[in-house]
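Quick notes on the structure that follows.
Since this is a predicted model, take the numbers as computed values, not measurements. Sequence lines set the chain letters: A, B, ... in the order given, protein chains first and strands last, and positions in each chain run from 1.
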Protein chains: 4
Amino acid sequence: MSRAGRTRPAEEAAPTTAWRRPPGRPRDPMAEQRILDAAIEEYLAAGIAGFTMDRVARRAGVGKSTVYLRWPDKDTLLVESVLARSGGIEDVDTGSLRGDLVELAGNLMRFLLDPVGFASLRVAVESVATRPHRRVAIEIGERHLAAATRVFERARARGEHVDEHAATLLTDCIYGAVTIRVLRRGPDQHRAPDDADITNSCAALVDSLLPLLDR
Amino acid sequence: MSRAGRTRPAEEAAPTTAWRRPPGRPRDPMAEQRILDAAIEEYLAAGIAGFTMDRVARRAGVGKSTVYLRWPDKDTLLVESVLARSGGIEDVDTGSLRGDLVELAGNLMRFLLDPVGFASLRVAVESVATRPHRRVAIEIGERHLAAATRVFERARARGEHVDEHAATLLTDCIYGAVTIRVLRRGPDQHRAPDDADITNSCAALVDSLLPLLDR
Amino acid sequence: MSRAGRTRPAEEAAPTTAWRRPPGRPRDPMAEQRILDAAIEEYLAAGIAGFTMDRVARRAGVGKSTVYLRWPDKDTLLVESVLARSGGIEDVDTGSLRGDLVELAGNLMRFLLDPVGFASLRVAVESVATRPHRRVAIEIGERHLAAATRVFERARARGEHVDEHAATLLTDCIYGAVTIRVLRRGPDQHRAPDDADITNSCAALVDSLLPLLDR
Amino acid sequence: MSRAGRTRPAEEAAPTTAWRRPPGRPRDPMAEQRILDAAIEEYLAAGIAGFTMDRVARRAGVGKSTVYLRWPDKDTLLVESVLARSGGIEDVDTGSLRGDLVELAGNLMRFLLDPVGFASLRVAVESVATRPHRRVAIEIGERHLAAATRVFERARARGEHVDEHAATLLTDCIYGAVTIRVLRRGPDQHRAPDDADITNSCAALVDSLLPLLDR
DNA sequence: TGTTAATCGAGACGGTACGTCCCGTCTTGGA
DNA sequence: TCCAAGACGGGACGTACCGTCTCGATTAACA
């Protein structure tokens with residue numbers, strides 16, 4: 001997620017040394033967010049084809065130099081905008097493994113059905129193919145995986161016996177099936193399905209797969 | 001897969017009437033394939049960034065007009081090139097359901113690990129998001145799905161009892177898991193994994209999921 | 001005015017030998033004129049920029065090959081179309097030298113004020129600059145000059161003494177002045193000047209210049 | 001001669017207010033001339049057929065955008081290039097009316113015999129026909145006319161009596177005759193005629209026409 | 001109170017590719 | 001052999017962006 005720009009205080013490692021503001025006019029702290037927002041809005045409005053640095057800068061009320069000072073090129077800006085927006089795959093904790101998994105699957109499905117969320121899938125797939133951005137895909141993957149991992153850890157902490165292999169399998173199947181099903185219908189099919197529908201179908205999926213844990 | 005060009009004999013609805021060649025010089029029947037080939041070669045050589053209509057035309061030994069007569073724009077040409085190349089998800093028939101499924105999963109994984117195959121995934125994901133090409137994604141999906149469907153039908157024909165729901169679930173899980181795992185490592189990680197490795201991991205996946213069929 | 005096409009009977013020198021029709025389908029005798037007409041219409045309608053071989057052929061109801069069989073390229077067709085249309089600088093004969101010259105000047109002015117006539121000036125100037133068509137400019141010049149020459153010859157035949165040099169000078173001045181004046185106001189200034197106006201101004205011009213003949 | 005670009009200081013009407021540079025990077029003041037030069041060179045080297053925007057930009061060491069920022073299209077650039085080059089119809093002042101007129105006629109003839117000068121005639125004739133550029137023709141005309149006007153004014157200042165009508169007539173005849181004679185032989189007939197020849201023929205022309213001033 | 005230096009909005013710059021248009025040629029089946 | 005139709009290879013057009021650059025104006029910390 002690090003940008004090419006010069007380091008900022010928060011990211012510095014110097015623990016004891018006092019931080020000295022670099023000389024010159026400091027960067028506008030608002031610009032960053034304004035640009036990210038403008039980028040997402042442009043992307044959502046016009047798709048990847050209409051996504052133009054000039055337009056993003058214009059919409060953000062910012063000069064192009066201000067953009068290029070922070071992101072080295074268009075692709076990077078797009079990727080980071082999407083990532084910044086699709087950020088929080090919040091942790092889930094319903095008390096039971098089944099409940100957690102249903103919630104997890106539901107979250108992913110809701111996420112992918114949202115245009116920005118789906119965009120992060122596009123970005124991930126695209127970045128797998130373009131060497132320099134592969135990191136992005138991995139990061140997105142990790143983020144979702146981490147939530148699943150914690151769910152299983154909590155289950156073990158509760159005393160349930162969960163085989164490591166089975167857990168991985170379950171995760172891949174749940175995430176994979178959800179993804180493939182969303183791909184089959186596309187995001188935001190003009191009207192997303194009812195929240196209850198999502199939960200129901202995810203519950204059915206999880207219930208079908210749960211037996212795998214018992215060998 | 002039909003282009004914007006004028007109708008060709010095979011696509012005509014006229015049942016009894018003899019087909020009359022339209023007036024004027026007929027389109028070069030070779031050009032079509034030469035362009036598609038050149039497009040894939042350019043794409044593989046230079047990636048999406050270096051994919052240029054002029055270069056494709058040049059490589060195909062063709063004028064740009066000849067290209068634009070057949071495909072309305074760069075995106076469409078790229079998509080159809082990839083699709084044309086990623087065509088044959090051949091049918092599998094090993095005699096047993098388990099064997100078929102292992103083969104199916106292996107085919108998909110090998111397909112996705114190949115640059116052109118992975119490109120078709122990119123194209124599918126991208127086309128889900130861009131309304132005008134959604135058809136493409138569906139077509140790719142169908143193509144893979146059809147192979148799975150036939151496998152289950154053959155199983156039923158052999159007398160095995162296969163629940164409809166379970167079959168769908170199995171298909172989604174296998175395809176989903178394979179896809180997600182490929183996404184995790186990317187295509188053509190400089191050297192694709194051994195063919196035996198692929199088969200082994202697919203066998204493990206299928207064996208783990210097969211119990212789902214028995215409720 | 002000869003085209004690149006194969007020779008036609010009328011242009012042949014064979015005096016006594018019977019002319020044998022060449023084998024194959026004879027050329028459509030109408031096509032020639034239809035194409036010339038269409039060319040002028042297109043030129044007048046859209047100017048040189050909108051003058052397209054495809055459009056000319058289409059308007060003439062003719063295939064492009066039919067055009068190219070008769071004229072080797074666009075420029076030649078345009079030039080010959082204009083020339084064909086601006087053809088007749090009719091002879092004048094009013095009985096007196098002054099009358100003839102006034103008529104001559106008037107004809108030229110009317111000719112240049114007509115869009116097609118002015119086009120022939122454009123074509124002439126242009127063709128002076130483009131080596132391969134220089135012939136055209138000369139031809140146009142000759143055509144106008146010839147009329148003047150005949151006027152002076154007739155004057156001499158009537159017994160008037162007309163110095164050769166003075167005649168040339170007079171011709172150049174009359175034609176030159178008329179041309180320059182038309183250039184100053186442009187052709188078809190939405191509404192051409194009254195025919196009487198033209199005659200009057202030409203008469204004034206000629207009357208002013210006539211004394212030059214008496215040394 | 002003004003282009004579509006934004007206003008420059010000199011053209012501004014603000015009388016007392018200080019001029020403020022518009023925001024953004026100012027246009028490269030050299031580019032203008034470099035492009036005009038490159039255009040003329042291309043035109044002279046390859047004629048109108050080989051006159052390509054890409055080549056002009058390349059030769060000027062400039063991007064196409066830089067060209068199109070200043071001239072809206074190829075025709076306009078060509079016209080203005082020619083005009084810029086054919087600029088200086090210098091004033092003449094030999095002390096006598098006859099001397100001035102001979103000089104004037106000689107200048108015009110030399111001008112028209114030079115490829116660039118003749119090009120300006122082409123441009124003028126062409127622009128008379130194409131509404132949007134008519135201004136150009138007028139400007140070229142005025143420029144030459146002005147020199148003649150000043151000659152006659154000076155003559156009057158010297159006390160010579162010069163009738164207004166006669167002066168106009170003389171100008172039209174001289175310019176017209178010279179133009180028509182150049183048209184008859186074309187510019188740069190591989191080798192322009194000797195400078196003395198030009199002067200001689202112009203002197204003869206003027207001497208023949210001078211009597212017109214005395215009624 | 002300047003001086004220094006980085007950032008800001010704006011927009012011109014050198015490039016490159018797009019998709020369109022047209023030229024002059026070629027290739028059909030039919031006249 | 002010509003004809004109408006229209007595809008073909010080639011190449012220029014004018015547009016749109018990219019990522020860089022150059023302005024004058026700001027905005028701090030340092031002197």
Side-chain angles (χ1 to χ4, degrees), chain A residues 5-6 20-28 31 50-55 57-58 60-75, chain B residues 5-6 20-28 31 49-55 57-58 60-74, chain C residues 6 21-28 31 50-55 57-58 60-69 71-75, chain D residues 5-6 20-28 31 49-55 57-58 60-70 72-74:
Chain A
R6 69 174 142 107
R20 299 286 308 277
R21 176 193 296 278
R25 172 176 177 172
R27 291 193 179 173
D28 180 347
F51 185 83
T52 288
M53 290 305 253
D54 285 80
R55 290 171 63 88
R58 182 69 55 103
V62 135
K64 281 209 289 177
S65 43
T66 306
V67 179
Y68 279 102
L69 221 44
R70 292 167 168 75
W71 292 274
D73 56 39
K74 192 172 87 145
D75 289 340
Chain B
R6 58 177 149 107
R20 298 284 311 276
R21 176 196 294 278
R25 174 175 179 175
R27 293 193 179 172
D28 180 348
F51 185 83
T52 287
M53 289 305 253
D54 282 85
R55 290 174 63 89
R58 182 71 54 102
V62 136
K64 280 210 291 175
S65 41
T66 305
V67 179
Y68 279 101
L69 214 49
R70 291 167 168 75
W71 293 274
D73 55 38
K74 194 172 86 148
Chain C
R6 70 173 141 104
R21 173 192 300 276
R25 172 175 176 174
R27 290 194 178 174
D28 179 347
F51 185 82
T52 288
M53 290 305 252
D54 285 79
R55 291 171 63 88
R58 180 70 54 102
V62 134
K64 281 207 291 175
S65 43
T66 306
V67 180
Y68 279 102
L69 263 173
W71 293 273
D73 55 41
K74 193 173 86 147
D75 289 340
Chain D
R6 58 179 150 108
R20 297 285 312 276
R21 177 197 293 280
R25 174 175 178 173
R27 293 193 180 173
D28 180 348
F51 185 82
T52 289
M53 290 304 254
D54 282 86
R55 289 175 62 89
R58 183 71 54 102
V62 135
K64 281 210 290 176
S65 42
T66 304
V67 179
Y68 279 102
L69 214 48
R70 291 168 168 74
D73 54 40
K74 193 172 86 147

Item to complete: Could I get the full list of salt bridge (Lys or Arg N to Asp or Glu O under 4.0 Å) partners for K64(B), not counting sequence neighbours?
Response: D54(B)
Worksheet item: Does a distance-only test, which skips hydrogens and angles, find a donor-acceptor pair under 3.5 Å between the side chain of S65(D) and the base of dG15(E)?
Response: yes
Worksheet item: Who pairs with D28(A) by side chain to side chain donor-acceptor pair (under 3.5 Å), at least two apart in sequence or on another chain?
Response: none
Worksheet item: How close or far is atom P of dG9(F) from atom CZ of R27(B), stated in whole angstroms?
Response: 12 Å
Worksheet item: Does R70(B) have a side-chain nitrogen or oxygen under 4.0 Å from the phosphate oxygens OP1 or OP2 of dC8(F)?
Response: yes
Fill in: Candidates dC13(E), dC13(F), dA4(F) - which lies nearest the side chain of M53(D)
dC13(F)
Discussion item. Rounded to whole Å, please give me the gap between CZ in F51(B) and P in dT16(E).
Written reply: 19 Å
Fill in: Contacts of type salt bridge (Lys or Arg N to Asp or Glu O under 4.0 Å), residue R55(B), not counting sequence neighbours
E42(B)
Worksheet item: Roughly how many Å is it from CG in L69(B) to P in dT20(E), rounded to a whole number?
Response: 11 Å
Item to complete: Taking only the side-chain nitrogens and oxygens of T66(D), find out if one of them lies under 4.0 Å from OP1 or OP2 of dA12(E).
Response: no
Fill in: Heavy-atom closest pair, residues K74(A) and F51(A)
NZ-O, 3.1 Å
Worksheet item: Between atom CG in D28(D) and atom C1' in dG11(E), what is the gap in whole Å?
Response: 14 Å
Worksheet item: Side chain of T52(A): nearest nucleotide among dC18(F), dG14(E), dG24(E)?
Response: dC18(F)
Item to complete: Identify the two heavy atoms, one from L69(C) and one from R27(C), that lie closest to each other, and give their separation to 0.1 Å.
Response: O-NH2, 3.6 Å
Discussion item. Generate the contact string for nucleotides 23-29 of chain F. Rules: B means base contact, S means sugar-phosphate contact only, - means no protein heavy atom under 4.0 Å.
Written reply: SSSBBSS
Item to complete: Calculate the interatomic distance between R55(A) atom CZ and dA16(F) atom C1'; express it in whole Å.
Response: 12 Å
Worksheet item: Relative to the 5' end of DNA chain F, which residue comes earlier, K74(D) or A31(C), by the nucleotide with the nearest heavy atom?
Response: A31(C)
Discussion item. Here's a test of your reading of the structure: between D73(B) and A60(D), which maps to the more 5' nucleotide of DNA chain E?
Written reply: A60(D)
Discussion item. Any N or O donor-acceptor pair under 3.5 Å from the base of dG9(E) to the side chain of K64(A)?
Written reply: no
Item to complete: Grab the CG-P distance between D54(D) and dA12(F) for me, whole Å please.
Response: 7 Å
Item to complete: Specify the residue among R58(C) and Y68(D) whose closest nucleotide of DNA chain F lies further upstream toward the 5′ end.
Response: R58(C)
